[in-house]
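The structure appears below as structure tokens.
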Amino acid sequence: MRTRVRTWRWRHNPLRRRSDVVEAWTALVAAVLLLLGAPLAGVCAAWWAHDEARGVEAAQRADRHSVRGEVVGGKSGALPSAQSGRQHAYRVAVRWTEPGRGPHTGVARVPAGTRRGDLVDVWFDTRGRNVPPPTDDTAVWQHTLTLGACAAGGAVVVVLLARSVVGRFALRRRLDEWEREWARTGPEWTRRSA
């Protein structure tokens, strides 16, 4: 009996309406899209994001270089430490020596908790400006997974929204059909016999 109830919209019977068939096909298409389309959209977006992030990482690695420098500026003692697990960077005076160029002193970003006299890695681009370190593998994978998950979630939302819209239109049409048929047959059923 249960199989008959589930598949009544697919079988030919006098109670089946066109809106029932449209709604059944929409449910089938939505199920296939949710099971296959959404994960595929997520994988494709993640693949694209991974390639893009790897390209950015390679460009940053080619454009940036690091030197070892000594913190010479800032307050005595440690710089403010990071709160709640975040790593903040602060700008202080740092002295470094580049091969073939001699000693330099400038303002650079250093991690929180660095003390005067500590050695730190300072990153520069090809123009000599202080820049953050290049993107690492962890950031690439975080970017990849985030975009993949968002694309899959977005596909799910679009499919469910489309399914809902089609279901509403099918319900409205079904109610209109029932109203028209009742207007035609209702007077015969409600007629009083004398």
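- We find the CG-CG distance between Leu33 and Leu40 to be 10.5 Å, quoted to the nearest 0.5 Å.
- Nearest approach of Arg127 to Arg129, heavy atoms of both residues: NH1-NH2, 2.7 Å.
- Test Asp121, Thr97, Val122, Val94 against Val67 for side chain to side chain contact (heavy atoms under 4.5 Å, CB included) and you get one pass: Val122.
- Within 6.0 Å of the CH2 atom in Trp47, the count of heavy atoms belonging to other residues, nucleotides or ligands does not exceed 12.
- Residues Pro187 and Ala183 share a closest heavy-atom pair of CD-O, 3.3 Å.
- Here the side chain of Thr114 pairs no donor or acceptor atom with the backbone of Val110 at under 3.5 angstrom.
- Other residues, nucleotides and ligands contribute more than 12 heavy atoms inside 6.0 Å of the CD atom of Glu177.
- Trp123 approaches Pro133 most closely through the heavy-atom pair NE1-CB, 3.5 Å.
- Here His50 contributes atom NE2 and Leu145 contributes atom CG; the two are 10.0 Å apart, rounded to the nearest 0.5 Å.
- The number of heavy-atom neighbours closer than 6.0 Å to CZ of Arg64, taken from other residues, nucleotides and ligands shown, is above 12.
- Pairing each heavy atom of Arg95 with each of Val72, the nearest pair is NH2-CG1, 3.5 Å.
- With contacts defined as side-chain heavy-atom distances shorter than 4.5 Å, the pair His65/Phe124 qualifies.
- Side-chain atoms of Gln60 come within 3.5 Å of backbone N or O of Thr135 as a donor-acceptor pair.
- The minimum heavy-atom distance linking Ala170 with Ser19 is given by the pair O-CB, 3.6 Å.
- Within the model, atoms CZ of Arg91 and CZ of Arg109 stand 5.0 Å from one another, a figure rounded to the nearest 0.5 Å.
- Within the structure, ring pair (Phe, Tyr, Trp, His ring centres under 6.0 Å) pairs that include any residue of residues 150-169 do not occur (at least two apart or interchain).
- The structure places CD of Glu179 at 14.5 Å from CZ of Arg174, a figure rounded to the nearest 0.5 Å.
- Considering NE2 of His143 and CD of Glu52, their distance stands at 7.5 Å, rounded to 0.5 Å.
- Summarising the local packing, CZ of Arg18 is surrounded by 12 or fewer heavy atoms from other residues, nucleotides or ligands at distances under 6.0 Å.
- Contact check for Val22 versus Val166: side-chain heavy atoms found under the 4.5 Å cut-off.
- Asp63 and Thr126 share a donor-acceptor pair across their side chains, judged by distance under 3.5 Å alone.
- Under a hydrophobic-cluster definition in which Ile, Leu, Val, Met, Phe, Trp and Tyr are linked whenever side-chain heavy atoms come within less than 4.5 Å, directly or via other members, Val120 and Val131 are assigned to different clusters.
- Considering Leu160, Val158, Val159 as possible partners of Val156, the one that fulfils the side chain to side chain contact (heavy atoms under 4.5 Å, CB included) test is Leu160.
- In the hydrophobic clustering of ILVMFWY residues, with side-chain heavy atoms under 4.5 Å counting as a link, Leu147 and Val140 come out apart.
- Across every non-hydrogen atom of Ala41 and Ala151, the tightest pair is O-CB, 3.9 Å.
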Next on the checklist: If you apply the rule salt bridge (charged side-chain N to carboxylate O under 4.0 Å, His left out), what do you find for Asp137 with Arg54, and how did you get there?
Outcome noted: CA-CA 9 Å; Asp137 284 342; Arg54 283 286 182 203; 2.7 Å; yes
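- In this structure, CH2 in Trp48 is found 10.5 Å from OG1 in Thr144, a value given to the nearest 0.5 Å.
- Glu23 is not listed as a side-chain neighbour of Leu28, based on a closest heavy-atom distance of 4.5 Å or more.
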